[in-house]
Amino acid sequence: MKALTVDGRLPFVFESSGTELHFTNGYDPEPRARKLFHFPKPATLARILRDAEADPEAPTWRGKVRSLPELDTSGLRPAQITAIRGIEKSLSEQRYKRSLVQMATGAGKTYTAVTQSYRLLKFGGFTRVLFLVDRNNLAGQRRPPTVRVSAAADPPN
């Protein structure tokens, strides 16, 4: 039986020092070892294999964020456009493990976060996004923000 390979290498590589566990996904655009806290479930590895078969050009979210559709900027403020493009650039370059978006009061942080979350879930290969909000800050607003993301998040036809 022949082994499944990606560019002559096994698609999944696990390394352990006894105290740390590292995983390399050969389907990533630039495969490198990443620290894990536990072994992935077999179903997770099977999903990665299915995704790679379905979309060989961008099988992982790290590949998909490099080819997100153009952002429709109509209805977005300049600071929101800058924030969304900055997040997407940071994710595609994969230089940092964390990101921070800092915007002034009233600049549209909630709308920006929801628009970005929608784009990552619909086009970026993400399966979930954690969006934390200080309820005291939002509760103090006169009216809750109304969010319509489809116009700004979907690419123009």
Side-chain angles (χ1 to χ4, degrees), residues 1-73 76 78-104 107-138 147 149-150 152-155:
M1 185 165 133
K2 185 178 175 186
L4 174 66
T5 60
V6 177
D7 296 328
R9 299 179 56 199
L10 293 173
F12 307 126
V13 177
F14 293 92
E15 304 166 276
S16 178
S17 66
T19 56
E20 289 186 346
L21 175 63
H22 288 219
F23 171 68
T24 303
N25 184 345
Y27 292 110
D28 281 339
E30 296 172 20
R32 66 180 174 94
R34 300 173 193 283
K35 190 173 183 177
L36 287 183
F37 298 101
H38 56 78
F39 276 98
K41 296 177 184 177
T44 302
L45 297 175
R47 181 180 44 82
I48 294 171
L49 290 171
R50 281 192 308 274
D51 290 349
E53 190 175 303
D55 186 4
E57 296 299 315
T60 65
W61 71 264
R62 289 180 179 91
K64 287 178 180 22
V65 296
R66 291 180 174 198
S67 59
L68 289 172
E70 185 63 32
L71 175 67
D72 179 4
T73 58
L76 294 174
Q80 293 170 322
I81 296 166
T82 301
I84 291 170
R85 287 185 175 155
I87 293 166
E88 292 175 1
K89 180 177 185 247
S90 176
L91 286 171
S92 68
E93 291 176 353
Q94 290 291 300
R95 293 190 334 212
Y96 307 105
K97 292 194 300 187
R98 296 183 180 98
S99 297
L100 174 67
V101 175
Q102 184 175 354
M103 297 170 73
K109 292 180 289 293
T110 302
Y111 190 83
T112 301
V114 171
T115 300
Q116 183 64 76
S117 297
Y118 177 83
R119 285 176 54 81
L120 293 174
L121 289 166
K122 184 165 183 180
F123 308 112
F126 281 49
T127 56
R128 60 184 177 260
V129 173
L130 177 63
F131 178 36
L132 297 175
V133 179
D134 181 355
R135 69 174 179 217
N136 294 326
N137 286 343
L138 284 183
V147 180
V149 296
S150 60
D154 283 330

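Below 30°, between 30° and 60°, or above 60°: for W61 and F126 the angle between ring planes is above 60°, a perpendicular geometry. Ring geometry, F123 versus Y118: the interplanar angle exceeds 60°, so the pair is classed perpendicular (tilted spans 30 to 60°).
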### Message
Quick one, T112 with M103, criterion side-chain contact (heavy atoms from CB on, under 4.5 Å). Give me CA distance, side-chain angles, the key distance, then yes/no.
### Response
CA-CA 10 Å; T112 301; M103 297 170 73; 3.8 Å; yes

#### Entry: Pair R62-Q94, side-chain contact (heavy atoms from CB on, under 4.5 Å): steps then yes or no
CA-CA 8 Å; R62 289 180 179 91; Q94 290 291 300; 3.2 Å; yes

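The side-chain heavy atoms of L76 and L71, taken from C-beta on, include a pair separated by under 4.5 Å. F14 has its side chain within reach of P40: a pair of non-hydrogen atoms, C-beta onward, lies under 4.5 Å apart. Annotation: side chain of V13 is not in contact with side chain of F23 (no heavy-atom distance under 4.5 Å). Side-chain atoms of F12 and I48, non-hydrogen and from C-beta on, do get closer than 4.5 Å to each other. Between L120 and V65 the shortest side-chain heavy-atom distance falls below 4.5 Å. The closest side-chain heavy-atom distance from Q80 to T115 is not below 4.5 Å.
If you take CD1 on I87 and CZ on R119, they are separated by 10.5 Å, rounding to the nearest 0.5 Å. Annotation: the span from L91 atom CG to K89 atom NZ amounts to 12.0 Å, rounded to 0.5 Å. Here the straight-line distance linking atom CG of L49 with atom OG1 of T44 works out to 11.0 Å at 0.5 Å rounding. Once rounded to the nearest 0.5 Å, the distance linking CG of L121 with CD of Q116 reads 10.0 Å.
For residues 32-46, every residue pair satisfying the salt bridge (charged side-chain N to carboxylate O under 4.0 Å, His left out) rule, not counting sequence neighbours, is listed here: E20-K35, D28-R34.
A side-chain donor-acceptor contact under 3.5 Å links S16 to the backbone of G18.
Closest heavy-atom contact between P59 and A52: CB-CA, 3.3 Å. Of all non-hydrogen atoms in P29 and R66, the two that sit nearest each other are CB-NH1, 3.3 Å. Between E15 and A33 the shortest heavy-atom distance is OE1-CB, 3.7 Å. Of all non-hydrogen atoms in P11 and T5, the two that sit nearest each other are CD-CA, 4.4 Å. Nearest heavy-atom pair, S117 versus V129, reported as atom, atom and distance to 0.1 Å: OG-CG1, 3.4 Å.
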